[in-house]
Chemist: 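Take a look at this one; I'll ask things after.
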Amino acid sequence: MNYWLMKSEPDEISIDDVLSMKSVPWFGVRNYQARNFMRDAMRVGDGVLFYHSSCAQPGIAGIAEVSSTSYPDHTQFDQDSKYFDPKATRENPRWMMVDIKALRKTRLLSLAELRSVPELASMLVLQKGSRLSITPVASHEWETILAILDK
DNA sequence: GCCAACGTTGGC
DNA sequence: GCCAACGTTGGC
């Protein structure tokens, strides 16, 4: 079992939005590293820290899980989508996605608070210049965060 | 809105 | 394969 942190702009999809649905297809990822994580490493049941980014209060907003293996992101074929990719074909899809299922909303564990916890200093999302929308989370980081949230 | 940091593109 | 130019991310 692996753990992940996945960023979402709450203006687009917030933890409340995801909670209101059984599962959501994580379309629109257009970064190879992030795609490779979904395609090669994600398994059904993997834990997900749902992170709100590009907003007034960035931070972890909920807990989710991976609910499907990867499959082609249909928006790459849709000319009307902002995620359309003219170089992608149905025979050779370039972008993949998984489904995500929200488990619960948490209190907002802010970026500032994450930075204040020494055990979490290794988190990829906290590294300088980190922009990846999907990053692996070490099991000790996952457990530390759950312990903080359950306190 | 600013801007540092990063990823991608494309000419050579 | 190099690398400058460009576009994007995302905190502040």
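Throughout, protein chains are lettered first and strands after them, A, B, ... in sequence-line order, and every chain is numbered starting at 1.
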Chemist: Give a yes or no on whether a salt bridge exists between A:Asp16 and A:Lys105, defined as a side-chain N under 4.0 angstrom from a carboxylate O.
Modeler: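 Yes.
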
Chemist: Compare the minimum distances between each of B:dG7, C:dG11, B:dT8 and the side chain of A:Tyr32, then state the nucleotide with the smallest one.
Modeler: B:dT8

Chemist: In whole angstrom, give the distance that lies between atom CZ of A:Arg94 and atom P of B:dG7.
Modeler: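 For the pair A:Arg94 CZ and B:dG7 P, the rounded distance is 17 Å.
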
Chemist: So, A:Glu12 and A:Lys7, do they make that salt bridge, N to O below 4.0 Å?
Modeler: no

Chemist: Would you tell me if any nitrogen or oxygen in the side chain of A:Lys128 comes within less than 4.0 Å of OP1 or OP2 on B:dA4?
Modeler: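 The answer is no; no side-chain N or O of A:Lys128 sits under 4.0 Å from OP1 or OP2.
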
Chemist: Is A:Tyr51 near enough to C:dG11 that one of its side-chain N or O atoms lies under 4.0 angstrom from OP1 or OP2?
Modeler: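 Affirmative; the distance criterion is met.
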
Chemist: Counting only N and O atoms by type, is there a donor-acceptor contact under 3.5 Å from the side chain of A:Arg115 to the main-chain atoms of A:Leu126?
Modeler: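 Indeed, once roles are kept as given, a pair shorter than 3.5 Å links the two residues.
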
Chemist: Write down the distance between CD (A:Gln127) and P (C:dG10), rounded to a whole number of angstrom.
Modeler: 15 Å

Chemist: Could you tell me how far apart A:Gln57 (CD) and C:dG11 (P) are, to the nearest whole angstrom?
Modeler: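 Atom-to-atom, A:Gln57 to C:dG11, this comes out as 12 Å.
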
Chemist: Quick one: which of C:dG11, C:dG10, B:dT8 gets closest to the side chain of A:Arg131?
Modeler: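 Of C:dG11, C:dG10, B:dT8, C:dG10 is nearest to the side chain of A:Arg131.
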
Chemist: Once you round it to whole Å, what is the distance between P of C:dG10 and CG of A:Leu126?
Modeler: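 Atom CG in A:Leu126 sits about 13 Å away from atom P in C:dG10.
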
Chemist: Quick check on C:dG10: is either OP1 or OP2 less than 4.0 Å from any side-chain nitrogen or oxygen of A:Lys7?
Modeler: yes

Chemist: Rounding to an integer number of Å, can you tell me how far A:Met123 CE sits from C:dG11 P?
Modeler: 13 Å

Chemist: Just how far, in rounded Å, is C1' of C:dG7 from NZ of A:Lys82?
Modeler: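 My rounded result for the distance is 14 Å.
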
Chemist: Do side-chain atoms of A:Gln79 reach the backbone of A:Phe84 as a donor and acceptor pair under 3.5 angstrom?
Modeler: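 Side chain of A:Gln79 to backbone of A:Phe84: no pair is present.
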
Chemist: Please identify which of these residues, A:Tyr32, A:Trp26, A:Tyr83, A:Phe27, meets the ring pair (Phe, Tyr, Trp, His ring centres under 6.0 Å) condition with A:Trp95.
Modeler: A:Tyr32

Chemist: Measure CG/A:Leu132 against P/B:dG7 and give the value in whole Å, please.
Modeler: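 Between P of B:dG7 and CG of A:Leu132: 7 Å.
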
Chemist: Could you tell me how far apart A:Asp11 (CG) and C:dG11 (C1') are, to the nearest whole angstrom?
Modeler: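 Answer to the nearest Å: 15 Å.
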
Chemist: Using the side-chain heavy atoms of A:Leu111, tell me which of these nucleotides is nearest: C:dG11, B:dG10, B:dG7.
Modeler: C:dG11

